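Contents: one structure, followed by commentary.
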There are 2 protein chains.
Amino acid sequence: MTEKTNPSPAVIKAWARLMRVSRQLVERAEDALKDSSLPPLAWYDVLHELAEAGEGGLRPFQLIERTLFAQYNISRLLARLEADGLVEKLRVADDGRGQTIRITGKGRETRRRMWAVYGRSIVELVGARLSNDDLETLSALLGRLRYPAALE
Amino acid sequence: MTEKTNPSPAVIKAWARLMRVSRQLVERAEDALKDSSLPPLAWYDVLHELAEAGEGGLRPFQLIERTLFAQYNISRLLARLEADGLVEKLRVADDGRGQTIRITGKGRETRRRMWAVYGRSIVELVGARLSNDDLETLSALLGRLRYPAALE
DNA sequence: TCTATATAGATGCATTTGCATCTACTGGCA
DNA sequence: TGCCAGTAGATGCAAATGCATCTATATAGA
């Protein structure tokens, strides 16, 4: 007996909707940021992690773990953020290869302004369309699609 | 009384999971295609639409409607597909501005080979993790997040 | 200690995306 | 017919992404 490898109509439908809806939502959130002359979502993700990390900051490889960006992507994104004065790079004492990234005051301010727009998008695009119960259901279902795989 | 614009924790959680999971799934599906030396997902989307359209083909603007790609993106994607011999561009009689895109035999064959890999990814990543009922529930919830907005 | 291997992060180069604009044709209307 | 706004699609240029590789430091083992 072999493994089943042909997607059922139900899986295909769910997959297609997931692909389509997630792309649409990202696009709309990005558009909202652009309309307010704010940086793209990727910047928010990084600033958010750094803001949560506080004054201790984070190492780039920790950002990679948390955000799913590729290494070279983080490297250049941080360069842009630094050029904009939103983060600062600090030499780290016990590892000469590495650095610690810390968000600056300007970075926090930018994050705050982005959140005002981004949060509004989230409410409009999702919050206004699903009840609290639906949201819980959706989160639970998506949670089961995460990697590394949760226990099945 | 003003509109609520601050996302609840439940919305934020659902949004975050949707963003993260969809990105992970796309990435894994893309990786599977790459591992088999096949073209990226975007090519599949277009070839799929064209295969469904049959011999009559589709106009580029119809592809844009169906796939959500930007106009310039479709324009260049079609150029690449044509260069690879997967589609052909036909002058259309009643509109001198436009063209009709038709999938070739090689295009159909490529689509078939992509589906063998892509379909398997879909099964592994989603089909194996959710029951049929869960899939229906997920599709329904995502359906309510589509644009243009379904009746609410 | 010396060497080999692994890890942190940067970067050169090709490809792709995004934006704005351009060309070509259409269709409405005076 | 002649003009003009609108639509279909292509494209120049700048920015971002992906891939492979590179440098520098760290760590493990002979």
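Source: prediction; values computed, not measured.
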Are Ile64(B) and Tyr72(B) connected in a single hydrophobic cluster, I mean Ile/Leu/Val/Met/Phe/Trp/Tyr linked by side-chain heavy atoms less than 4.5 Å apart? no
Which two nucleotides bound the region of DNA chain D that has atoms under 4.0 Å from heavy atoms of chain A, read 5' to 3'? dA16(D) to dA26(D)
Arg97(B) CZ to dT23(C) C1', straight-line distance once rounded to whole Å: 12 Å
Answer with yes or no whether the hydrophobic clustering places Ile12(A) together with Leu125(B); edges join I, L, V, M, F, W, Y residues whose side-chain heavy atoms lie under 4.5 Å apart. yes
Test of understanding: clusters of I, L, V, M, F, W, Y form through side-chain heavy atoms closer than 4.5 Å, transitively. Do Leu68(A) and Leu25(A) belong to the same one? no
Whole angstrom value for the distance that separates P of dA8(C) from CG of Leu90(A): 18 Å
Salt bridge Lys106(A)-Glu109(A), side-chain N to carboxylate O under 4.0 Å: no
Return the orientation label for the Trp115(A) and Tyr118(A) ring planes: parallel under 30°, perpendicular over 60°, tilted otherwise. perpendicular
Could you state the CG-P distance from Asp94(B) to dT26(C), rounded to the nearest angstrom? 9 Å
Look at all strands and tell whether Arg76(A) reaches a base, only sugar-phosphate, or nothing, counting heavy atoms closer than 4.0 Å. base
If you compare all heavy atoms of Arg102(A) against all heavy atoms of Glu55(A), which two are closest, and at what distance to 0.1 Å? CD-O, 2.9 Å
Can you sort out which residues in residues 30-52 of chain A have a heavy atom within less than 4.0 Å of DNA chain D? Ascending by number, please. none
Within a strict 4.5 Å, meaning less than it, do heavy atoms of the Val87(A) and Leu47(A) side chains meet? yes
Within a reach of under 6.0 Å around NZ of Lys13(B), are more than 12 heavy atoms found that belong to other residues, nucleotides or ligands? no
Within the 4.5 Å heavy-atom criterion, are Arg144(B) and Asp134(A) side-chain neighbours or not? yes
Over all atoms of both residues, closest heavy-atom pair of Gly85(A) and Thr104(A): O-OG1, 2.7 Å
For DNA chain D, what residues of residues 66-75 of chain B have any heavy atom nearer than 4.0 Å? Gln71(B), Tyr72(B), Ser75(B)
